[in-house]
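Structure record follows, encoded as C-alpha cells.
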Amino acid sequence: MSILAVAIEEPGRVALVQRPRKELWPGSVRVRVQACGICTLEKRIYSGALNLGYPIVAGHEVGGVIEEVGPQVLGDFRPGQRVALDLLTRCGQCHWCRRGHTNRCENRFMGRNGMLGGLSQEAVVPAREVFVLPETVAPTVATLAEPLADCLHCLARAGLNHQDPVAVVGLGVMGQLHAALLAHLGHATLGVDPLAAKRQLALDLGARAAVVPAEAPQAMQELSRGYGASSVIVTAPQAEALDLGLSLLGKGGTLVTYSSYGAEERLSLDLNRLHYQEITLTGTEGRTELDFERAVGLLAAGSLDISRLVSRTYPASQAAQAFQAAQDPELYRVVVTF
Ligand SMILES: [Zn+2]
Ligand SMILES: [Zn+2]
C-alpha cells in the first residue's frame with residue numbers, strides 16, 4: 001500500500017509522488033497529516049540554498065490526527081486525537097542533549113526517521129515527537145505549534161523584565177508571532193516593518209505601536225519614557241535591521257537575533273555599549289521539546305489567536321502552486337492540506 005507525498009525533486013521542482021507506507025515500529029505513532037506548513041527550511045531546500053539530498057519529502061510544521069499507535073508506546077496516545085508534530089531528531093545521547101539543550105543536538109539532521117517528512121499523507125514518528133491538542137485547535141493552526149515553540153525559546157533568552165517595552169524588528173510570520181506572544185504576556189510592544197499591511201496586523205495582534213524603521217527610535221523613546229527597549233527581537237535577516245535593533249535597546253537590555261544571516265554579514269558595534277550599558281547580544285536556535293510542550297499548552301488554552309498567520313491553504317494536488325506562493329514576502333504561512 002502506498003501513500004501520497006509532496007517531494008521536492010530538485011531545486012525549483014515539486015511533484016506529487018507515491019511512497020510506500022511505513023511500518024510502525026516499537027514506540028512509534030502513525031499520524032494522518034491534515035496540514036503542513038511551508039517554512040523557511042522548506043523554502044531553502046526548494047531554492048537549493050540547503051541541500052539535504054534530493055528528492056526529499058520535507059515539511060516539519062504538521063497538524064494531524066493519530067491513526068494508529070504502535071507497540072510499546074507508553075504515553076496516553078489514542079487514535080483520533082488531534083496532534084502537532086515536532087519533526088526533529090533529538091538523539092538524547094550527544095553532549096548537548098545530555099545537558100537539556102536538545103535544540104543544539106549534534107545529530108538533529110541525521111536519520112530520516114522522524115525528521116521532516118511532514119508533506120505527506122502520513123507520518124510514522126517516535127511518540128515523543130507527538131503532542132496532543134484539543135479538537136478545538138484547527139489542523140492549520142496546529143501547524144503553528146512549531147514556530148510558536150521557536151518563539152518561546154527565543155523569548156526565554158530575551159531577558160524579559162517585568163512588562164517593560166520590547167521591540168520586534170521585522171514583521172514577517174515570525175515577527176508577528178513574537179509580537180502576538182509579547183502582547184499576550186503583557187509587554188508594550190513596538191513592531192517595526194516597512195510594509196503598512198504588516199504593521200496593521202501587528203497592531204491587530206496586540207502590539208502597542210507599529211512604525212516604519214526610520215520612526216522606530218523616536219517611537220521607542222516615547223513608549224519607554226526614554227529608557228529604551230528592555231528586549232529587542234530582530235527577525236529580519238539584514239545587518240541594517242540588527243543595527244536598528246541595537247539603536248532601540250536600553251541599558252541592561254538584551255537583543256536576540258532570530259534570523260540567520262548571509263555568511264558575509266558582520267556587525268560593527270561600539271564596544272563601550274557592552275561595557276557601560278551592560279547590554280546582552282545573543283541568538284536563538286530552534287526549540288526544545290519543553291518549548292514545544294509550552295507552545296501546545298498555549299494553543300490548547302485558546303487565548304492566543306494566531307489563525308490569521310495562515311495566509312493560504314492549498315490541497316496537496318496544488319503543492320507546486322503552494323511552493324510558488326510561499327515565495328511571496330507579503331504572505332505569512334502557506335499551508336498544504338491532505
Ligand atoms: Zn518551522
Ligand atoms: Zn543529541
Side-chain angles (χ1 to χ4, degrees), residues 6 8 33 35-47 49-50 52 56-64 83-120 123 125-126 128-131 139-155 170 172-178 180-181 233 235 237 258-260 283-296 298-299 306 309-313 322-323 325-327 329 331-336:
V6 174
I8 305 173
V33 175
C36 181
I38 299 174
C39 180
T40 311
L41 181 76
E42 284 71 38
K43 290 189 214 174
R44 293 182 66 215
I45 295 171
Y46 179 68
S47 75
L50 176 67
L52 297 176
I56 180 170
V57 177
H60 65 277
E61 299 183 355
V62 171
V83 294
L85 301 185
D86 178 25
L87 291 174
L88 193 69
T89 303
R90 304 179 193 281
C91 76
Q93 298 168 41
C94 74
H95 176 87
W96 298 114
C97 282
R98 287 290 167 114
R99 282 158 180 75
H101 301 294
T102 58
N103 58 316
R104 301 179 195 160
C105 176
E106 290 172 355
N107 302 308
R108 65 193 188 282
F109 291 130
M110 275 185 205
R112 290 279 181 87
N113 266 344
M115 200 277 282
L116 300 180
L119 283 163
S120 177
V125 296
R128 66 167 187 277
E129 297 184 2
V130 181
F131 291 76
T140 48
V141 173
T143 66
L144 297 172
E146 188 270 337
L148 191 60
D150 291 342
C151 292
L152 286 165
H153 189 80
C154 173
L155 292 186
V173 63
M174 298 315 298
Q176 300 286 2
L177 267 177
H178 279 100
L181 256 180
I233 315 296
T235 69
Y258 187 87
S259 271
S260 59
T284 182
E285 162 60 30
R287 74 280 171 189
T288 65
E289 52 271 73
L290 183 61
D291 298 313
F292 210 98
E293 181 73 16
R294 290 168 64 214
V296 163
L298 257 174
L299 289 179
I306 49 176
L309 296 178
V310 175
S311 295
R312 284 196 197 160
T313 59
F323 269 81
Q327 309 300 311
L331 294 183
Y332 302 102
R333 264 306 175 268
V334 172
V335 170
V336 176

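Counting starts at 1 for both ligands and their atoms, in listed order. Hydrogens, waters and symmetry mates are skipped; everything else that's a heavy atom, side chains included, is used.
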Worksheet item: Any idea how many protein N, O or S atoms are nearer than 2.8 Å to the Zn ion (ligand 1)?
Response: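 Step by step: take the Zn ion (ligand 1), keep protein N, O, S below 2.8 Å, and you get 4.
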
Worksheet entry | Inter- and intrachain pairs under salt bridge (charged side-chain N to carboxylate O under 4.0 Å, His left out), touching residues 90-100, at least two apart |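 Output for this query lists Asp86-Arg90, Arg90-Glu289.
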
Discussion item. Pro147 and side-chain contact (heavy atoms from CB on, under 4.5 Å): which single residue from Arg287, Gln176, Met174, His178 fits?
Written reply: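 That would be Met174.
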
Practice prompt. Go around the Zn ion (ligand 2) and count every protein N, O or S atom nearer than 2.8 Å.
Written response: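 Counting protein N, O and S atoms closer than 2.8 Å to the Zn ion (ligand 2) gives 4.
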
Discussion item. For Ala180, give me all partners under side-chain contact (heavy atoms from CB on, under 4.5 Å), at least two apart in sequence or on another chain.
Written reply: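 side-chain contact (heavy atoms from CB on, under 4.5 Å) list for Ala180, sorted by chain: Leu205, Leu304, Ile306.
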
Taking [Y]'s backbone N and O only, do any of them form a donor-acceptor pair with [X]'s side chain (distance below 3.5 Å, no angle check)?
| X | Y | result |
| --- | --- | --- |
| Thr235 | Gly170 | yes |
| Ser311 | Tyr332 | yes |
| Lys43 | Ile38 | no |
| Glu61 | Leu144 | no |

Item to complete: Grab the two heavy atoms, one from Cys36 and one from His60, that are nearest each other, plus how far apart they are.
Response: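 For Cys36 and His60, the tightest heavy-atom pair comes out as SG-N, 4.1 Å.
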
Practice prompt. Walk me through it: do Glu285 and Arg104 pass the test salt bridge (Lys or Arg N to Asp or Glu O under 4.0 Å)?
Written response: CA-CA 7 Å; Glu285 162 60 30; Arg104 301 179 195 160; over 6 Å; no

